[in-house]
Each structure stands twice: as structure tokens, then as C-alpha cells.
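The structure appears right after this line, and notes come after that.
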2 protein chains.
Amino acid sequence: MRPIIIGFGLLILCLLLLFRIGEVNFIKGDVKLEVIVAIAALIFFLVGLFFNYHSQKKISQVQPPSPAIADTPTSVIDYEQIKKLGLTQREHDVLVKMAEGLSNQEIGTALFLSESTIKTHVSNILFKLDAKRRTQAVQIAKQLKIVL
Amino acid sequence: MRPIIIGFGLLILCLLLLFRIGEVNFIKGDVKLEVIVAIAALIFFLVGLFFNYHSQKKISQVQPPSPAIADTPTSVIDYEQIKKLGLTQREHDVLVKMAEGLSNQEIGTALFLSESTIKTHVSNILFKLDAKRRTQAVQIAKQLKIVL
DNA sequence: AGGCTTTTCCTACTTTAGTATGAGAACTTT
DNA sequence: AAAGTTCTCATACTAAAGTAGGAAAAGCCT
């Protein structure tokens, strides 16, 4: 939580600074309004991306323990199985993308991670699922109801 | 990738529009700079959220295999589909093995063929299914009921 | 018999995947 | 605050996968 708080703190500071600069330059009139607006836009666009990225991460972590009503309908992820295999949240995320047929590079892009990181996760997944290839891992994962 | 291009196009339009408004108000001098910057920031923050949200949805949308309802006996190979795609018998054989998570070498052994031959078949399968990787081909094949 | 498709196989590459190892940052738990 | 996990990323390889292009044998069709 600390980094996020710090991040938002800096953000607010940034915002205040922008306003300050904006005001000063507004008086002096030597910097185009467009530039200020553009900078603000860019910063907040990135902030939007960042914010959403982190909030989604949090959401995907809370999901597992929620389904208490379901009477095991045809297709539901077996979280017990995941726990039993020792798969972590991130590994499961990667596994889902793998099952969609994405390459390591594409998974990295989708999850905002480097290909190296994906390779590490994939390697761990293969080990934990006792698979030799990603295709086999997907096959096993589907049979174990780890992915849909 | 088209949606992304369109998205950025709209984004740029939005930006230009903002500048236009900014300039007009700058001349009239009846709106505070802070307000403009704040609006720009807010808009692009939302755009950031929206953009990220959609890029993530797109990727995970390929999933729903929609468990066919009653009329089709839950799981049967759609031979019409196979014919439609121009897949030959041998290619389908290989596709099935691919879906089981076998390597090219293993498929070759299973079908009494050389690895070279399997590679040729796999390459043709990928082309006919419009897939880039075998994992993707398997995903597509399962959705199209070409393999179980 | 000649044309067409399928199947098989090869060489020579290019590109992804996967392994091994190490390491730092972040989060959780104690 | 210290310890254990998880997550991230990197380098350096090794091993599969996939591409391109060619080629020959076998079966089908009319």
C-alpha cells in the first residue's frame, strides 16, 4: 500500500505544481496554454492507465473466495485445485492467457510485464502442473478445471 | 488493432478540441486556467481508465465457448466445419494430437511419421485456422468443435 | 493416361519456448 | 522490524516450433 500512497502524494504535488506553473506563465504569457494542457492530459492519461491496472490487480485477487452459493455448475474454476497445486495468483493469470493461445510476448503486453517475467511464470507453471510444454499445461489445466 | 487506432484518432481529436476551447477562452480571459487544466486532466484520466479497461477485455473475450444447448449432443465433432476450412484428414489427425499437448516429435511417433512431416502439417493447419501458434490453433479448433 | 490432391520428407533458417540462476522490490505475516 | 512469499526482470543458453521452398510417391477422377 505504501507505494500507492506515495504515488498519489506525488501526483497531487505534481498537480499543484502544474497549477502554480500555469498561473505564473499565465501572467508572464510566455508559455502556450496548449503545452500546459497537453502535459496535464498526458500525465492523467498515464495515471488513468496506472490506476486501472492496479485496481484490476486487486480485484482479481479478491475473486477466488467469493462463490459460496454456486452448486458446482458445469463450468466453474476449481480454486481448491489451484491451491492444492500451489499456483500463485499471477501464475494463474498467466495460465489463463496461455489457454487463450497467446505468446509469451503477448501475455507480457496484456499484463504489463516483460517477456522475461512471463517466461519465469510459465516455467513455474509447467513445473507445478507437471507438464513439458505449454500446450500440455493448458490441456491439464482444463481437465483440472483450473481454466475454462 | 483497428479499435486502438480509432481510439487514438478520437483521442487526438479530443486533444485538438481542447486546445481550440482553451485558445478561445484564453483570448476572452473569462475562464481560469486551473479549470481548463482540471478538465483536461479529468478527461484524460477517464480516457486512461477506459482505454486500459477495453484493451484488457478484448484479450479475454475470445473465451466463451458457450456450452451448446441440448439440440447438439454436447460434444461432437463438426465435420462440416472441417470441410469448410479445407482441413484434410491427416491435418485433422495432427490437430487432435496437438490438442492433447503433444510435441511435433511425439505426434510423429504416434502417427508413424517424421517430425518434418508433422511440421508441414502443423504449418498448414495454422494457415487454415488463421492461427499464429499451435496453442491458438487448439483454442480455435475447440471453439469450432473441430476437436473435443 | 494425365491432372489434381494428399501425403510424405528434406534442407536451411528464423523465431518462440523453456531452463537455469541470480537478484532486487513489494507484500504479508509474525 | 525481521522473515518468508510473491512478483518482477535479466542474462545466457538449449530446445522446440514454425517458415520457405522443393520434391517425390500414391490415390482419385473422368
Side-chain angles (χ1 to χ4, degrees), chain A residues 1-8 10 50 53-62 64-65 82-83 85-141, chain B residues 82-83 85-141:
Chain A
M1 271 303 162
R2 248 102 55 208
I4 292 175
I5 292 171
I6 292 170
F8 270 100
L10 284 174
F50 179 81
Y53 167 65
H54 272 272
S55 71
Q56 289 216 344
K57 218 160 128 187
K58 284 283 141 53
I59 289 168
S60 71
Q61 269 175 356
V62 180
I82 294 173
K83 204 175 289 178
L85 291 168
L87 281 175
T88 67
Q89 176 58 42
R90 220 37 169 166
E91 282 162 3
H92 183 257
D93 291 344
V94 173
L95 184 52
V96 169
K97 297 294 178 187
M98 265 167 65
E100 287 171 21
L102 302 190
S103 66
N104 290 335
Q105 180 60 65
E106 288 170 340
I107 296 173
T109 301
L111 300 180
F112 299 99
L113 299 176
S114 77
E115 196 194 338
S116 296
T117 306
I118 304 302
K119 281 186 176 183
T120 302
H121 286 317
V122 169
S123 220
N124 291 331
I125 291 168
L126 295 184
F127 176 74
K128 290 178 181 177
L129 290 186
D130 194 26
K132 284 176 195 138
R133 284 163 292 285
R134 56 168 49 210
T135 41
Q136 201 184 350
V138 170
Q139 232 271 331
I140 292 170
Chain B
I82 295 174
K83 205 175 288 178
L85 291 168
L87 281 175
T88 67
Q89 178 58 46
R90 220 43 171 160
E91 281 162 5
H92 183 257
D93 292 344
V94 173
L95 185 51
V96 168
K97 296 294 179 187
M98 265 168 65
E100 287 172 17
L102 302 189
S103 67
N104 289 337
Q105 181 60 65
E106 288 169 341
I107 296 173
T109 302
L111 301 179
F112 301 101
L113 299 175
S114 77
E115 194 194 341
S116 296
T117 305
I118 305 303
K119 280 186 176 183
T120 301
H121 286 318
V122 170
S123 222
N124 291 331
I125 291 168
L126 295 184
F127 176 75
K128 290 179 181 177
L129 290 185
D130 194 27
K132 285 178 194 135
R133 284 163 292 286
R134 56 168 49 212
T135 41
Q136 201 183 351
V138 170
Q139 230 269 329
I140 292 169

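A note on names: the letters A, B, ... follow the listed sequences, proteins ahead of strands, and every chain is numbered from 1.
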Side chains of Ile125(A) and Val94(A): does their closest heavy-atom pair fall under 4.5 Å?
yes
Go through the steps for Glu106(A) and Arg133(B) under the test side-chain contact (heavy atoms from CB on, under 4.5 Å), then give the verdict.
CA-CA 12 Å; Glu106(A) 288 170 340; Arg133(B) 284 163 292 286; 2.7 Å; yes
Can you measure Ile107(A) atom CD1 to dT8(D) atom P for me and round it to whole angstrom units?
13 Å
Asp130(A) side, atom CG; Leu85(A) side, atom CG - distance, nearest 0.5 Å
10.0 Å
Nearest-0.5 Å distance that lies between atom OG1 in Thr135(A) and atom CD in Gln139(B):
13.5 Å
For the helix from dA1(C)-dT30(D) to dT30(C)-dA1(D), what angle separates the axis at the start from the axis at the finish, each from five pairs, in steps of 10°?
60°
Please assess Thr88(A) against Lys128(A) for the test side-chain contact (heavy atoms from CB on, under 4.5 Å), listing each intermediate value before the final yes or no.
CA-CA 10 Å; Thr88(A) 67; Lys128(A) 290 178 181 177; 4.1 Å; yes
Determine, step by step, whether Glu100(A) and Val96(A) satisfy the side-chain contact (heavy atoms from CB on, under 4.5 Å) criterion, reporting the C-alpha distance in whole Å, the side-chain angles of both residues, the deciding distance to 0.1 Å, and the verdict.
CA-CA 7 Å; Glu100(A) 287 171 21; Val96(A) 169; 3.7 Å; yes
Side-chain donor-acceptor contacts of residues 107-122 of chain B below 3.5 Å, not counting sequence neighbours, with atom names and distances?
from, atom 1, to, atom 2, distance (Å)
Thr109(B), OG1, Gln105(B), O, 3.1
Ser114(B), OG, Ser116(B), N, 3.4
Ser114(B), OG, Thr117(B), N, 3.2
Ser114(B), OG, Thr117(B), OG1, 3.1
Thr120(B), OG1, Ser116(B), O, 3.1

Enter the distance from Glu91(B):CD to Met98(B):CE here, rounded to the nearest 0.5 Å.
11.0 Å
Heavy atoms under 4.0 Å is the rule here; annotate nucleotides 6-19 of chain C 5' to 3' with B where the base is hit, S where only the sugar-phosphate is, and - elsewhere.
SSBBBB-----BBS
Between dT19(D) (C1') and Ile125(B) (CD1): distance, integer Å:
15 Å
